[in-house]
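What follows is a short report on a single structure.
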Amino acid sequence: MDRAALAARIQEILKTRDGRASGTVGRAVAGEGRAVEGVGRASRPSELLDVLGGTILDGLLGACVVVDRDYDLSFRHGHHLVERYLGAARASVGCLPWFLEDRASSRAGRPCHSAGPLGHSAGPLGHSAGRPCHPSFLFFDLETTGLSGGAGTLAFLAGFGFFTTSGFHTRQFFLRGYGEERAQLETVREFAAGYDAPTLVTYNGRSFDVPLIDTRYQFHRTRSPFTELAHLDMLFPARRLWRRRLTRDEEPGSCALSAIERDILGVHRVDDVPGFEIPARYFAYARSGDARGLVGVLEHNRLDLLSLAAVMAIVLDMVREGAEAARDRHDCLALGRLYEYLGRLPDAERCYVAAATRDGTIEIELDRLARAESLHWLARHLRRTRRFQAAAEAWRELSEIVGLDVDVRREALEALAVHHEHRAKDLEAARTFARRALDLAHDARHSEDVQHRLGRLDRKLTRGPQSPPDSDIPGW
C-alpha cells in the first residue's frame, strides 16, 4: 500500500472513531434490534431493560442503561433497619473530618483533619432518587471484567448509593457494549456533578475502584470526576476495629466486606453471585446478548452498596459514642486502636483504660489478649506522657497476665527494673525485675543489656545509699 492509500485509510479510521465518540453509535443502539458493539447477538433493548429493570438515558456522548432501586426505612439489612443506619449517619457527621484524607496526605500515609465542605445535592438525581440527606455521602462500588487492572479492565457496572429522607437509594450505570464506555463514563460524570462536594465512600476503593475508573477516564482523555472528591475508604477503619475479631472460616482475620457483613452486620446472603463468577457472567452476556445471568450481579452490587453504608454508619457511631458504647473488652480495645490511628490520643487512652479494667464478656482467650494489648499500649502511652507511677502500675499488671507473649513480658519487666532503679529508688526490686527479664532474654543483645543493668545495680547496692549517684543515665 502506497503512502497516499495509507493516509486515506488512516483518515477513514479516524472518521469512524470520531463518529463513535460523538455518540452516533450510542444513539443508534436505542432502536429496536440493533446490536451494540462488543456484544455478539444482542437482545433487543426493550428485552434488556425488562430483564435488568432499567431505563436508557441519552447523553451528549450516547446512551447508557441506568438501574434505580429504593430501600425504604423499614427495610431490614442484618441486625438493623435502614432507618437505624440513616439515623447513625446523621448523628455522627461531626466525626467525619477525623477520617477524611486528601490525595497528598493519603500517599504519605498521614490523616488529613481538614474535611472540606459537606453539602446538599445541587439538583434532582432522577425520577425515583429523591434528594440525598445532608451530608451527601456517595457510596461507590464497581463490578469489572477482572481484577488484574491495567487498560484492559473495564468497569461494566458503576454502582452508587446514597441516603434519602425516605431510605436508601442505589443507581447503577451498566455498560451494554465496549463501544458505549465513553457514554457510560460521561453519564457517571453528569451524575456526580449533581452533588455539592460529596464525600465518596468505598470499601478498598482507594486501592482498586477509584484508580481503575480514573484509568478509564484517562484512557478516553477526559478528567475523572472523582479526582477532587473527599474520599473515605472504610477498609482501613474496619481493619482497625475488627481484624482480630473476624477469625472464623477459611481466612482468619479477613476483613473482606463479606466477612464484615456476616460477623458484624448479621447479613447472610442467599443465592448470591460469588465475586469470581462476575466477569464470566458479563463475558457470557457479551457473546450472547442474554442478560439474565446479570440480574444476580446487579443485586450483588446493590447489597454491597447497602452494606457499605451500614458499615460506615456503625463505625462513625462507635467513634462518636466512644468507650461507653463498646459491647465488651475487645470492642473497647479496637476502638482505642482506631482513635490512635486518627491521632485522638485522649480518646484512645480512655478506651484502653476501659479495656484493661472491665470484665470480659467474650471467650477467655480473646479477652485475655485484648486486656494484654490494652495494658501494653496504656503503659507506653503513660510513660511517653511522663506519668511514671501510673505507667509502672500498668507494666506490673501486664507482667502478671498468664500466657503473655515472651517479648512483651520481658519488655514489661525491663520497664519495671528501670522505674524502680531511677524513679522509685528501690534497688532490690529493680534487681528482682532485671533478673526475671534476664531469664526471658532470647538473644545476645537483650541478654547483654540486662546483664549490664544487673552489674550496675550490684555496684550501687555494694556502695550503699550514701554513695554518689551512678552517672549512667538510661534511655527510657
Side-chain angles (χ1 to χ4, degrees), residues 68-100 118 120-121 125 128-141 159-171 198-203 232-242 245-246 255-270 272 299-328 330-332 334-335 338-339 351 361-362:
D68 287 293
R69 291 291 185 275
D70 282 301
Y71 299 87
D72 62 31
L73 295 174
S74 63
F75 182 84
R76 177 170 293 277
H77 189 66
H79 298 312
H80 303 293
L81 305 180
V82 167
E83 183 178 20
R84 169 72 175 84
Y85 300 126
L86 171 58
R90 280 174 166 171
S92 307
V93 63
C95 302
L96 186 62
W98 304 346
F99 291 86
L100 293 178
L118 296 172
H120 295 275
S121 170
L125 299 175
S128 62
R131 294 179 64 86
C133 293
H134 178 77
S136 51
F137 298 113
L138 187 57
F139 303 95
F140 176 53
D141 184 52
F160 295 89
F162 50 87
F163 287 112
T164 69
T165 54
S166 59
F168 187 77
H169 184 86
T170 64
R171 172 163 284 197
T199 299
L200 192 70
V201 185
T202 66
Y203 201 87
L232 173 56
D233 190 337
M234 291 309 305
L235 174 61
F236 299 95
R239 278 177 175 167
R240 286 282 193 270
L241 284 170
W242 298 308
R245 189 175 194 128
L246 304 176
C255 274
L257 186 58
S258 58
I260 299 290
E261 276 189 338
R262 181 190 62 239
D263 289 4
I264 304 301
L265 301 181
V267 173
H268 299 275
R269 300 192 189 188
V270 178
D272 185 42
E299 179 64 13
H300 173 94
N301 182 257
R302 287 191 287 266
L303 290 177
D304 279 353
L305 291 167
L306 188 52
S307 291
L308 172 58
V311 168
M312 186 210 71
I314 288 175
V315 170
L316 292 184
D317 199 45
M318 288 179 66
V319 170
R320 177 180 63 86
E321 295 190 15
E324 296 302 319
R327 297 170 296 177
D328 49 49
H330 188 276
D331 273 5
C332 220
L335 189 56
L338 181 56
Y339 278 130
C351 287
T361 58
I362 54 181

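Note that these values count all heavy atoms, side chains included, but never hydrogens, waters or copies made by symmetry. Sequence positions, counted from 1, serve as the residue numbers for this chain.
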Discussion item. So which atom in Cys332 and which in Ala323 form the shortest heavy-atom distance, rounded to 0.1 Å?
Written reply: SG-CB, 3.9 Å
Worksheet item: Who passes side-chain hydrogen bond (donor to acceptor under 3.5 Å, both in side chains) against Asp141, sequence neighbours left out?
Response: Asn301
Worksheet item: Atom CG in Asp263, atom OG in Ser258: separation rounded to 0.5 Å?
Response: 9.5 Å
Practice prompt. Please round to the nearest 0.5 Å and tell me the distance separating atom CG of Leu335 and atom NE2 of His330.
Written response: 12.0 Å
Worksheet item: In chain order, what residues pass the ring pair (Phe, Tyr, Trp, His ring centres under 6.0 Å) check against Phe160, with sequence neighbours excluded?
Response: Phe140, Phe173, Phe191
Discussion item. Main chain of Trp242, side chain of Arg239: is a donor-acceptor contact present, judged purely on distance under 3.5 Å?
Written reply: no
Discussion item. Can you confirm whether Leu338 sits close enough to Val315 that some side-chain heavy atom of one is under 4.5 Å from a side-chain heavy atom of the other?
Written reply: yes
Discussion item. Working note: Leu232 + Leu200, criterion side chain to side chain contact (heavy atoms under 4.5 Å, CB included); need CA distance, chi angles, decisive distance, verdict.
Written reply: CA-CA 6 Å; Leu232 173 56; Leu200 192 70; over 6 Å; no
Worksheet item: Tell me, do Asp233 and Phe99 make a side-chain contact under 4.5 Å, heavy atoms counted?
Response: no
Practice prompt. Would you sort out whether Ser307 and Leu265 count as a side chain to side chain contact (heavy atoms under 4.5 Å, CB included), showing the intermediate values?
Written response: CA-CA 8 Å; Ser307 291; Leu265 301 181; 4.0 Å; yes
Practice prompt. Could you check if a side-chain atom of Trp98 sits within less than 4.5 angstrom of a side-chain atom of Leu316, using non-hydrogen atoms only?
Written response: no
Fill in: Pair listing, side chain to side chain donor-acceptor pair (under 3.5 Å) test, anchored in residues 80-89, at least two apart
Arg84-Asp317
Discussion item. To the nearest 0.5 Å, what is the distance between CD1 on Ile314 and CG on Leu241?
Written reply: 10.5 Å
Practice prompt. May I ask you to test the Val311-Leu257 pair for a side-chain heavy-atom distance under 4.5 Å?
Written response: yes
Fill in: Minimum heavy-atom distance Ile264-His79, with the two atoms named
O-CD2, 3.4 Å
Item to complete: Write down the atom of Cys255, the atom of Ala238, and the distance for their closest heavy-atom approach.
Response: SG-O, 4.0 Å
Worksheet entry | Beyond-backbone contact of Ser92 with Val319, side-chain heavy atoms, under 4.5 angstrom | no
Worksheet item: Got a sec, which residues hit side-chain hydrogen bond (donor to acceptor under 3.5 Å, both in side chains) with Thr202, two or more places apart in sequence or on another chain?
Response: His231
Worksheet item: Which atom names give the shortest non-hydrogen contact between Leu138 and Pro198, and what distance separates them?
Response: CB-CB, 4.3 Å
Discussion item. Quick check for you: to the nearest 0.5 Å, what is the distance between His77 atom NE2 and Leu306 atom CG?
Written reply: 4.0 Å
Practice prompt. Just do the side chain to side chain contact (heavy atoms under 4.5 Å, CB included) check on Leu81 and Leu73 with the steps written out, would you?
Written response: CA-CA 7 Å; Leu81 305 180; Leu73 295 174; over 6 Å; no
Fill in: Ring geometry between His169 and Phe162 (parallel below 30°, tilted from 30 to 60°, perpendicular above 60°)
tilted
Discussion item. Give me each pair satisfying salt bridge (charged side-chain N to carboxylate O under 4.0 Å, His left out) with a member in residues 301-311, each pair once, sequence neighbours excluded.
Written reply: Arg269-Asp304, Glu299-Arg302
Discussion item. Are Leu308 and Val201 packed together at the side-chain level, in the sense that at least one heavy-atom pair is separated by less than 4.5 angstrom?
Written reply: yes
Discussion item. Within the structure provided, determine whether Leu96 and Thr199 are in side-chain contact (heavy-atom separation under 4.5 Å).
Written reply: yes
Discussion item. Using side chain to side chain contact (heavy atoms under 4.5 Å, CB included), reason through Phe139 and Phe168 one step at a time and then give a plain yes or no.
Written reply: CA-CA 11 Å; Phe139 303 95; Phe168 187 77; 3.7 Å; yes
Fill in: Inter-residue atom distance Glu321.CD - Cys95.SG, 0.5 Å rounding
9.5 Å
Worksheet entry | Results of ring pair (Phe, Tyr, Trp, His ring centres under 6.0 Å) for Tyr71 - residues two or more places apart only | Phe75
